[in-house]
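Throughout, numbering of the chain's residues begins at 1 and tracks the sequence. Because only heavy atoms are used, hydrogens play no part in the values below, and waters and symmetry mates are left out as well, while side chains stay in. Quick caveat: nothing in here was measured; it's all calculated off a predicted structure. Counting starts at 1 for both ligands and their atoms, following the listed order.
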Amino acid sequence: MTTTPTTHDDPTAHIDPFELAAQAARDIAEQTGIERHDIALVLGSGWGGAADLLGETLAEIPSHNIAGFSKPAVDGHVGTLRSIRITETGKTALVLGSRTHLYEGKGVRKVVHGMRTAAAAGCSTVILTNGCGGLNPDWAPGTPVLINDHLNLTATSPIEGANFVDLTDLYSQRLRDIAHSVDETLSEGVYAQFRGPHYETPAEVKMAGVLGADLVGMSTTLEAIAARQAGLEILGISLVTNLAAGISPIPLSHEEVIEAGIAAGPRISALLANIAKRM
Ligand code: 8IG
């Protein structure tokens with residue numbers, strides 16, 4: 001029988017999340033041999049190829065040996081952390097290979113542990129990518145879209161206690177300008193995070209549109225909030241892999257979503273690498 005892990009099974013659950021992130025950063029420094037990193041990248045559905053285009057891989061380590069990162073849920077699916085020297089700038093990129101989603105039920109601390117670890121490892125910038133559904137019918141599957149703001153529809157927050165963090169310009173205008181300098185045709189939109197793991201109903205997509213969303217997905221906003229609290233400057237880019245439910249008359253198929261990611265992979269990976277090289 002398989003069971004879903006919960007926060008109750010987490011041996012680190014009693015540790016202060018920032019202390020755990022500091023330990024993780026020490027583990028990364030020790031296991032990669034790289035003392036500090038500059039830019040963190042989270043590569044979501046479709047974006048995995050970008051890492052190979054950034055520069056020389058200095059180290060690649062399994063993430064389950066780093067404090068607070070969970071064992072992979074699926075057998076044969078090992079999450080890794082990769083340290084890369086960006087050829088053009090000499091900056092070091094920390095590629096966080098396996099995202100924890102809220103729908104896994106491991107708790108919000110696990111979802112944002114990578115952000116706190118990146119900050120503790122010295123990063124000043126994070127690039128958050130994802131695959132998502134699009135509300136704009138002009139955005140064909142395979143279209144990358146810059147996130148310019150978000151709606152957190154998860155009814156939770158990564159921030160604990162009375163810390164009233166400002167989220168104005170959460171998705172940095174400065175970094176969006178850099179992205180536009182690479183591709184002036186990039187569209188921007190508001191990303192709404194649902195808890196998932198089911199896709200939305202057409203009525204929920206319509207609601208999200210009324211609220212101001214252009215993109216719907218299951219990640220990114222909680223990470224962005226935690227990244228802001230940790231002092232990171234944030235760039236968010238979505239890959240529209242499917243039209244959101246009800247926007248097109250065709251029902252969503254997970255296989256088609258994966259296919260769109262694979263097809264767009266080389267193009268968006270090059271885009272992302274070229275953006276990171278200008279940071
Ligand atoms: I890929 O249409 C992908 N992820 N919530 N809705 C939500 N998440 C997604 C979707 C989508 N497509």
Side-chain angles (χ1 to χ4, degrees), residues 41-50 73-74 77 79 96-106 108 110-112 114 127-158 171 186-225 235-269 271-272:
L41 290 101
V42 179
L43 302 180
S45 311
W47 295 93
V74 189
H77 187 129
L96 301 161
S98 59
R99 181 178 242 149
T100 299
H101 288 89
L102 188 63
Y103 58 68
E104 294 176 55
K106 296 175 182 170
V108 188
K110 285 283 175 236
V111 173
V112 303
I127 304 178
L128 295 169
T129 65
N130 62 56
C132 72
L135 274 70
N136 182 338
D138 296 338
W139 293 341
T143 304
V145 179
L146 285 177
I147 300 173
N148 60 17
D149 206 345
H150 81 214
L151 296 166
N152 170 13
L153 303 182
T154 67
T156 189
S157 170
Y171 300 90
L186 272 178
S187 296
E188 296 195 359
V190 173
Y191 178 96
Q193 180 177 357
F194 284 82
R195 187 185 177 287
H198 52 277
Y199 294 123
E200 297 71 33
T201 64
E204 287 164 343
V205 169
K206 199 179 284 181
M207 173 190 78
V210 168
L211 297 179
D214 303 295
L215 307 160
V216 286
M218 304 178 195
S219 69
T220 303
T221 78
L222 299 172
E223 291 153 280
I225 294 166
L235 180 71
I237 322 181
S238 289
L239 172 68
V240 175
T241 60
N242 57 277
L243 290 179
I247 301 291
S248 126
I250 304 153
L252 270 64
S253 130
H254 183 61
E255 287 67 37
E256 278 168 355
V257 166
I258 301 289
E259 279 302 312
I262 292 169
R267 190 165 37 87
I268 60 166
S269 295
L271 169 71
L272 180 57

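- Every heavy atom of S45 sits 4.0 Å or more from the atoms of ligand 1.
- Remark: minimum distance from atom 6 (N) of ligand 1 to any protein heavy atom is reached at E200 OE1, 2.8 Å.
- Nearest to atom 9 (C) of ligand 1 among the protein's heavy atoms is Y199 CE2, 3.6 Å.
- At least one side-chain heavy atom of L271 sits less than 4.5 Å from a side-chain heavy atom of L186.
- In this structure, the protein non-hydrogen atom closest to atom 8 (N) of ligand 1 is G217 CA, 3.3 Å.
- A 4.5 Å side-chain heavy-atom check between L239 and T129 finds every atom pair outside the cut-off.
- Rounding to the nearest 0.5 Å gives a distance of 8.0 Å between OG of S219 and CG of L128.
- In terms of protein heavy-atom proximity, atom 4 (N) of ligand 1 is closest to G131 O, 3.6 Å.
- A distance of 7.5 Å separates CG of L215 from CG of N130, quoted to the nearest 0.5 Å.
- Close contacts of ligand 1 with T241, meaning ligand atoms under 4.0 Å from a residue heavy atom, involve 1 (I).
- In terms of protein heavy atoms, atom 12 (N) of ligand 1 is closest to N242 OD1, 2.7 Å.
- Closest non-hydrogen pair, T154 versus L102, comes out as CB-CD2, 3.8 Å.
- E200 CD to M207 CE: the interatomic distance, rounded to the nearest 0.5 Å, is 8.5 Å.
- At least one heavy atom of C132 sits under 4.0 Å from some atom of ligand 1.
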